[in-house]
Asks: 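The structure's right below; bear with me while I get my questions together.
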Amino acid sequence: MANMLHLLPAEAYTRQDWFDREQRDIFFRTWRYAGFMEDITEPGQYITVQAGLRPTLMG
């Protein structure tokens with residue numbers, strides 16, 4: 001199996017532009033798991049989760 005070690009530069013953890021890109025490319029453009037439909041059993045119920053900087057509502 002190929003070496004799976006991925007190293008990010010320190011800037012990936014300290015620079016605002018890296019953070020903004022991560023938020024944009026991962027949390028704003030992709031689907032995220034929020035919960036199971038079985039957790040919502042009554043009309044009007046909802047689940048909220050935090051996905052990056054955006055609160056997300058499932059109902």
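Sequence positions, counted from 1, serve as the residue numbers for this chain.
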Asks: Counting neighbours of CZ on R21 that are heavy atoms of other residues, nucleotides or ligands and sit closer than 6.0 Å, is the number greater than 12?
Replies: no
Asks: Quick one: salt bridge (charged side-chain N to carboxylate O under 4.0 Å, His left out) partners of D17, sequence neighbours excluded?
Replies: R15
Asks: Hydrophobic clustering (ILVMFWY, side-chain heavy atoms < 4.5 Å, transitive) - are Y13 and F19 grouped together?
Replies: no
Asks: Could you pull out the closest heavy-atom pair between I40 and Y46, with the gap in Å?
Replies: CD1-CA, 4.4 Å
